[in-house]
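Here is the structure we will look at.
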Amino acid sequence: MTGFWARVLDIRIVDGPVLVGVYVVAVAFLLAIVVRRPAKRWLLPVGIAFGAGAVLGVLVTLLVQNVLDVFNTPMSVETRIWIAAVFAGIAVAVTSAVVSRGWRRVVSIIAVPVFALTTAVGINADFGIDKTLGDFLDIETLPALDLSALPLHSTNPAGPLVDSWDPPADMPEDALVGTVEIPTPASDFDARDAVVYLPPAAQVAGAPALPVVVYMSGQPGSPAVDDVGQVLDEFTEETGGLAPIVVAVDQLGGDGSNNPLCIDGYQGNAATYVNDDVVAFIRTTFNVMPGPAAWAIAGFSNGGGCAIRFGALHPDVWGSVIDISGEIGPSLGSEQDTIDEGFGGDADAYEEQLPLTILDSRSYPSSMIAVFTVGQFDGRYVRASKELFEAAQAAGMTAYRFVSSGTGHEAATIQFGFTHAFNVLFPVWGLSSGDPALAPPE
């Protein structure tokens, strides 16, 4: 997509002037509703409306999150405040529309969608994952990669790549990001286009073969490399442009609201897509190092749970796993709902697909690396990461676990996770010198 609409969809909505502008407009509507004369007569109904709306908002968050667990994702304190605030604001607006006339009634009616939109934008900014309007609306604006312009496959000199790499003078300063359509001959899976991050070193003539990271988003979500790319941009400044090629793929199947549970099952062959079709496409398309030692499977939330399961099932493909706030196992809400809807009522089939079951039944070489990271306020994912970390260790993997102080289920946790994972993996991949950066297990 090009032109005016592409520029509109590329507007950042997690920070900057647009976000501030939305907040200012909402405050202006609120002041137009609340500030009036005689103030004393209006004070009682607006106070009752505000209080009742806020209480209703709190009750809704308790019902949706604590009782029904509708989104299967921790709700931060900030998000709960936003929800209470929007219910309070809408209650005030509705009350004003009932008791007012003329222009103030019109403003009060318009304020309802304005407050709702402001809350949606504010909650999105709190999570920080959908960076642009296009991300928020699940509309891709990135250009397609010109695959014909990619460097040919090559063989690296012996030893760590960092020791032999001499960045050419004409190497681009920035990474190249674009979309690719991955064929699905094995899976026939309905996936959205993948998004690819090519570091500077991958874009030059005679480029070295590089490691590869296949990354899966949370659910809802879509293929994106914004957070991992931001982390890698900092690494490439220190490594002379060396970094893994990242391919963010759609394990959800064409729609962020889908959840095929990363199995071959009720919503298509998601597992075969990632482990067969994606792998075959990368091997034949990009200049990547062969062998599992240089291949990592990574994911956040839903994608994190998929990453540890795929890594555990296919150690011949994936030599390392990056599980950022990953789910403990396939989930459509409750365990029974998952079994009934996702596995056709077969509890044994469900148990077989749990990462803990897989790890408990197999052993792995110590050369296989698993990095588990999680936000301090990431709810159930804190416990899940600890259990999976301990299971990976017991199964023989070299496992690490890092906890991000002060963050929850959000972009900051993703960036923390990739930073610590790459501190471990870059020396292993030969992209930086020294030993992997370690931290004591939590």
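No experiment lies behind these values; they were computed from the predicted model shown. In what follows, every heavy atom counts, from backbone to side chain, and hydrogens, waters and symmetry copies are set aside.
Distance CG/Leu252 to CG/Asn302: 5.5 Å, rounded to 0.5 Å. Rounding to the nearest 0.5 angstrom, the gap separating the CG atom in Leu425 from the NE2 atom in His420 is 13.0 Å. To the nearest 0.5 angstrom, Thr79 atom OG1 is 4.0 Å from Asp126 atom CG. How far CD of Gln393 is from CG of Leu359: 11.5 Å, rounded to the nearest 0.5 Å. Taking CD1 from Ile123 and CD1 from Ile83, the interatomic distance works out to 4.5 Å, rounded to the nearest 0.5 Å. Taking CG from Leu332 and CZ from Phe343, the interatomic distance works out to 8.0 Å, rounded to the nearest 0.5 Å.
Checking each of Asp15, Asp226, Asp227 against Lys131 for a salt bridge (Lys or Arg N to Asp or Glu O under 4.0 Å) leaves exactly one that passes, namely Asp227. The residue from Thr272, Ile297, Ile182 that alone fulfils the side-chain contact (heavy atoms from CB on, under 4.5 Å) condition with Val278 is Ile182. Paired with His409 under the rule ring-ring contact (aromatic ring centres under 6.0 Å, His included), one option of Phe300, Phe377, Phe127 passes, and it is Phe300.
Here the side chain of Arg80 pairs no donor or acceptor atom with the backbone of Val58 at under 3.5 angstrom. A donor-acceptor pair under 3.5 Å links the side-chain atoms of Asp323 to the main chain of Gly326, judged by distance alone. Listed for the Ser100 side chain is no donor-acceptor partner under 3.5 Å among the backbone atoms of Ala97. Remark: the backbone N or O of Gly406 is paired with a side-chain donor or acceptor of Gln376 at under 3.5 angstrom. Panel note: side chain Gln203, backbone Leu198; a donor-acceptor pair is recorded below 3.5 Å. Looking at Ser301, its side chain never comes within 3.5 Å of a backbone N or O of Gly303 through a donor-acceptor pair. Between the side chain of Asp135 and the backbone N or O of Thr132 there is at least one donor-acceptor pair closer than 3.5 Å. No donor-acceptor pair closer than 3.5 Å links the side chain of Asp250 to the backbone N or O of Pro223. Using a distance-only test at 3.5 Å, with no hydrogens or angles considered, no donor-acceptor pair links the side chain of Gln336 to the main chain of Ser334. In this structure, Thr119 contributes its side chain and Phe115 its backbone to a donor-acceptor pair below 3.5 Å.
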| query | Would Arg401 and Ser385 satisfy side chain to side chain donor-acceptor pair (under 3.5 Å), going step by step from the backbone distance to the final call? | reply | CA-CA 8 Å; Arg401 182 172 181 265; Ser385 75; 2.9 Å; yes
| task | Check the pair Val214, Trp318 against side chain to side chain contact (heavy atoms under 4.5 Å, CB included), reporting the backbone distance first and the verdict last. | result | CA-CA 10 Å; Val214 172; Trp318 312 108; 3.7 Å; yes
| task | Might you work through the side chain to side chain donor-acceptor pair (under 3.5 Å) test for Ser187 and Thr184, ending with a clear yes or no? | result | CA-CA 5 Å; Ser187 67; Thr184 59; 4.6 Å; no
| task | Could you give me the CA-CA distance, side-chain angles and deciding distance for Ser222 and Arg192, then say whether side chain to side chain contact (heavy atoms under 4.5 Å, CB included) is met? | result | CA-CA 8 Å; Ser222 59; Arg192 289 167 287 184; 3.4 Å; yes
| said: Would Arg7 and Thr141 count as a side chain to side chain contact (heavy atoms under 4.5 Å, CB included) here? Give the steps. | reply: CA-CA 9 Å; Arg7 290 192 295 272; Thr141 61; over 6 Å; no
| request: List the steps and the verdict of side chain to side chain contact (heavy atoms under 4.5 Å, CB included) for Val121 and Leu19. | output: CA-CA 8 Å; Val121 171; Leu19 181 64; 3.3 Å; yes
| request: Determine, step by step, whether Thr413 and Asp378 satisfy the side chain to side chain donor-acceptor pair (under 3.5 Å) criterion, reporting the C-alpha distance in whole Å, the side-chain angles of both residues, the deciding distance to 0.1 Å, and the verdict. | output: CA-CA 9 Å; Thr413 299; Asp378 219 351; 5.0 Å; no
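Open room surrounds CZ on Phe50; 12 or fewer heavy atoms of other groups in view lie less than 6.0 Å from it. In this structure, Asp188 places its CG atom where only 12 or fewer heavy-atom neighbours from other residues, nucleotides or ligands lie under 6.0 Å away.
Across Pro355 and Pro330, no two heavy atoms sit closer than the pair CD-CD, 4.5 Å. In plain terms, the two heavy atoms of Met397 and Ala370 that are nearest each other are SD-CB, 3.8 Å. The two residues Asn275 and His314 have their closest heavy-atom pair at OD1-CD2, 3.3 Å. Pairing each heavy atom of Ile414 with each of Ile324, the nearest pair is O-CD1, 3.8 Å. Heavy-atom minimum distance, Pro427 versus Phe422: CD-O, 4.1 Å. Across all non-hydrogen atoms, the minimal contact from Gly253 to Phe189 is CA-CZ, 3.4 Å.
Within the 4.5 Å cutoff, no side-chain heavy atoms of Gln230 are placed close to those of Phe418. The closest side-chain heavy-atom distance from Pro292 to Val317 is not below 4.5 Å. Proximity of Ile308 to Phe372: side-chain heavy atoms (C-beta onward) are separated by under 4.5 Å at one or more points. For the pair Ile328/Glu387, a side-chain contact is recorded, criterion being any heavy-atom separation below 4.5 Å from C-beta on. Within the 4.5 Å cutoff, no side-chain heavy atoms of Phe286 are placed close to those of Val212. Using a 4.5 Å heavy-atom threshold, the side chains of Val195 and Glu140 count as touching. For the pair Pro211 and Ile245, the minimum side-chain heavy-atom distance is 4.5 Å or more. Contact check for Val382 versus Val403: no side-chain heavy atoms found under the 4.5 Å cut-off.
Looking at Thr236 and Asp233, their side chains never bring a donor and an acceptor atom within 3.5 Å of each other.
A distance of 6.0 Å or more separates the ring centres of Tyr197 and Tyr215.
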